[in-house]
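Taking it in order: structure first as structure tokens, then the write-up.
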Amino acid sequence: MNKVIGIDLGGTTIKFAILTEEGEIQEKWSIKTDIQNAGKNIVPSMIETINEHLDIYKISANEVLGIGMGSPGSVNPRKGTVIGAYNLNWSSLQPVKEQMEAGTKIPFFIDNDANVAALGERWKGAGANGSNVTFITLGTGVGGGIIAEGNLVHGIEGCGGEIGHMHVEPNGYQCTCGNYGCLETVASATGVVRLARDLSEDYQNESELKMLIENGQEITAKTVFDQAKRGDKLAAIIVDTLYYYLGLACSNIANLLNPEFIVIGGGVSAAGDMLLEGVVEYFQQFAFPQVRTSTKIKLAQLGNDAGVIGAGSLVIQNKVVRY
Ligand code: ZN
């Protein structure tokens, strides 16, 4: 039976999985990312561990349809190159596909990590294998991937689906991209903390969260959600502000694309149903009437496996297009 291999390349660990063509994970393992020596050890370490594991499981290279990978940085899926992945020390152009195919003798496919996670959630997670699925990941930053009419949207320079840089507040906080008021500035893990610090300054009533902030305590997005659950009034204002921005972003996405599902994942989405309900309320308010009833917002289901499963999906997608 044919297999696919999925790789989720991150700044601290590289996750691997051997999957069936149907997307069931059969084996999973990970290695530390060795970013020394300008990241030059990364690709050789991936080749070595894949060859080792194929040996262990007695799988020959020609039983593997392909290797798929999600990578940080600017990825050129056609050429199979990556540049500007600073958490890997990959500042110059990396010919990843060429090296991986030479070292494993297996066809290799690559895309950016948010697009690959979108493919994963679409295939085996909340996307129910639909043809129109948008994925938003709320982590350290905000990433996204759009699958429209069955295909990932890349745009002409690979910037399609940069949902984190959708404007939700024209005169808002400055973003890492240089612009102001991007979704990432308020809906990432750091964005939620920024909102909390800012809103607490003007808040005059009693609040445990305000006290924590004023006492110089380390607070995270989780602190804010926990306080909101416990009835803290300031925390409730902060999470409501977050829901407003996310609901607005989702309605803009849905008015443009009318996907079957908008799937929300990443660390901040651990807030769960509370976040989902809050976002849906604003989405309902801002979305076009027929969009409101046809596009559904859901929480991601695959957690950390979205990357390797999506990378496996990338192989299947490319194989289908190729043959
Ligand atoms: Zn931005």
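Remember, it's 1-based here, ligands and their atoms both numbered in the order they're listed. Please read these numbers as outputs of a predicted model, since none were measured by experiment.
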- [ ] Identify whether NZ of Lys or CZ of Arg in K296 sits under 6.0 Å from the centre of the six-membered ring of F261 and within 45° of that ring's axis.
- [x] no
Open item on the list: Less than 6.0 angstrom from the centroid, inside 45 degrees of the normal: does K97 satisfy that with respect to the ring of F109?
Closed with: yes
TODO: Spell out the protein N/O/S atoms under 2.8 Å from the Zn ion (ligand 1) as residue plus atom name.
DONE: H165 ND1, C175 SG, C177 SG, C182 SG
Open item on the list: Are more than 12 heavy atoms, taken from residues, nucleotides or ligands other than Q285, located less than 6.0 Å from that residue's CD atom?
Closed with: yes
Open item on the list: Does this structure show an ion pair linking K233 with E206, if we count only N-O contacts that are shorter than 4.0 Å?
Closed with: no
Open item on the list: Using ring centroids (six-membered ring only for Trp), state whether Y244 and F286 fall under 6.0 Å.
Closed with: yes
- [ ] Would you please indicate yes or no on a ring centroid separation below 6.0 angstrom for Y243 and Y282?
- [x] no
